[in-house]
Number of protein chains: 2
Amino acid sequence: MKLGNLQLRIMRSLWERGEATARQITDDLSGGVPSTLSTVQTLLRKLETKGAVRHEQRERTFYFRPLIKEQDVARSAAQDLLARVYDNSLSGLLAHLLEDETVSAEELRDIKQLIEAREREMTK
Amino acid sequence: MKLGNLQLRIMRSLWERGEATARQITDDLSGGVPSTLSTVQTLLRKLETKGAVRHEQRERTFYFRPLIKEQDVARSAAQDLLARVYDNSLSGLLAHLLEDETVSAEELRDIKQLIEAREREMTK
DNA sequence: GAATGTAATTTACCATGGTAAATGAAAAAT
DNA sequence: ATTTTTCATTTACCATGGTAAATTACATTC
């Protein structure tokens, strides 16, 4: 499942809240680039058509829930980038990511450990 | 500069060739998902409007050249993914990338070396 | 009960990426 | 010289993401 920018931010609100109304999501968005309630409602419909969310009506109001997992969306976006842009060259991608000066020592330690863990899985 | 899928494939042909006609690019594309000459011409125009390519006419034919660098496009796509989807968590992204079973031992070795090199830069 | 507020729904744009046929003009082949 | 090929250009779609006003329907408040 491929999502646009605002779609992703809407999903993020839903993933955090578990369930949310269009109004609540609109409020969540107001911190960054704000969108009107109307826009959020439109996108929620489109997300529902795509099968990314579902809604349940209580009283007059729609309560939305995510149907797709954050991890799955992220994973497929990462795989897509790797394939489309880097021709599946992991080292090519990582080389670019490591160029960023703001990478912390902790991050480096963490990802090194990820790789070492993966190496251990390798031999099995 | 953000490029669509076909736009990227067209650029890739241009990056490899240095200079190419719409026809040559169309031929290059015929290996994967093919596109008609007409479509390629249309997209080349749009790429030119965006400033991604320029053309030069010789005889009757347009010869296109890339104006943007492959590395820059890749880099910005990677940064965009990292920020938009992973909230700038490098380890989060790498964790997903390493889940792919088809990662080779060589790739692992390569990226480990990238990280170690980056660690050495760190202390400076 | 009338006014106000709050929902969903409808409708209508715009931009971008992609698709390609149709047309016209020029070069190449016959 | 006529036909065929090969370009560029024009035109016209479609899908998706995003934007939002206008409308309608229902609650809440005064």
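Here is how names work: the chains are called A, B, and so on, in the same order as the sequence lines, proteins then strands, and each is numbered from 1. Atoms considered below: every heavy atom in the structure, side chains included; atoms not considered: hydrogens, waters and symmetry mates. Owing to the predicted nature of the structure, the values given are computational and were not obtained by experimental measurement.
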As a test of reading the structure: which of [options] is closest to the side chain of [X], going by heavy atoms?
X: T36(B); options: dT19(C), dG18(D), dA20(C); answer: dA20(C)
X: S38(A); options: dA20(D), dG17(C), dT19(C); answer: dA20(D)
X: R23(B); options: dA8(C), dT6(D), dG18(C); answer: dT6(D)

Expressed in angstrom and rounded to an integer, what is the separation of [X] atom [atom1] from [N] atom [atom2]?
X: L47(B); N: dT19(C); atom1: CG; atom2: P; value: 13 Å
X: L43(B); N: dA20(C); atom1: CG; atom2: P; value: 11 Å
X: Q41(B); N: dA22(C); atom1: CD; atom2: C1'; value: 13 Å
X: L6(B); N: dT16(C); atom1: CG; atom2: P; value: 17 Å
X: L44(B); N: dC7(D); atom1: CG; atom2: P; value: 13 Å
X: L8(A); N: dG18(D); atom1: CG; atom2: C1'; value: 14 Å
X: L37(A); N: dT23(D); atom1: CG; atom2: P; value: 18 Å
X: K46(B); N: dG18(C); atom1: NZ; atom2: P; value: 8 Å

Residue-level proximity of residues 25-34 of chain A to DNA chain D when a heavy atom falls under 4.0 Å
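Per residue number, the list is empty: none.
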
Around Q57(B), counting heavy atoms of other residues, nucleotides and ligands shown, do more than 12 lie under 6.0 Å from its CD?
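It does: Q57(B) CD has more than 12 such atoms within range.
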
Looking at DNA chain C, which of residues 48-66 of chain A put a heavy atom within less than 4.0 Å of it?
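Per residue number, the list reads R60(A), T61(A), F62(A).
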
What's S35(A) touching, base or sugar-phosphate or nothing? Going by heavy atoms closer than 4.0 Å.
sugar-phosphate

How would you label the contact of L3(A) with the nucleic acid (heavy atoms, under 4.0 Å): base, sugar-phosphate, or nothing?
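The answer is nothing, as L3(A) stays clear of every strand by at least 4.0 Å.
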
Okay, side chain of K2(B), backbone of S76(B): is any donor-acceptor separation there less than 3.5 Å?
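No, because the side chain of K2(B) does not come within donor-acceptor range (under 3.5 Å) of the backbone of S76(B).
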
H96(B) meets the ring-ring contact (aromatic ring centres under 6.0 Å, His included) criterion, sequence neighbours left out, with Y86(B)

Return the CD1 to CG distance between I25(A) and L43(A), rounded to the nearest 0.5 Å.
10.0 Å

Supply the atom-to-atom distance I111(B) CD1 to E116(B) CD, rounded to the nearest 0.5 angstrom.
11.0 Å

Between S89(B) and D87(B), do the side chains contain an N or O donor and an N or O acceptor separated by less than 3.5 Å?
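No, no side-chain donor-acceptor contact under 3.5 Å.
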
Exercise: do D28(A) and S13(A) side chains pair donor with acceptor under 3.5 Å:
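The answer is yes; a qualifying pair exists.
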
Evaluate side chain to side chain contact (heavy atoms under 4.5 Å, CB included) for M11(A) paired with V73(A), printing each intermediate quantity in order.
CA-CA 10 Å; M11(A) 290 307 298; V73(A) 170; over 6 Å; no

Take L98(B) and L90(A) through the side chain to side chain contact (heavy atoms under 4.5 Å, CB included) test and state the conclusion after the steps.
CA-CA 9 Å; L98(B) 290 176; L90(A) 203 48; 4.1 Å; yes

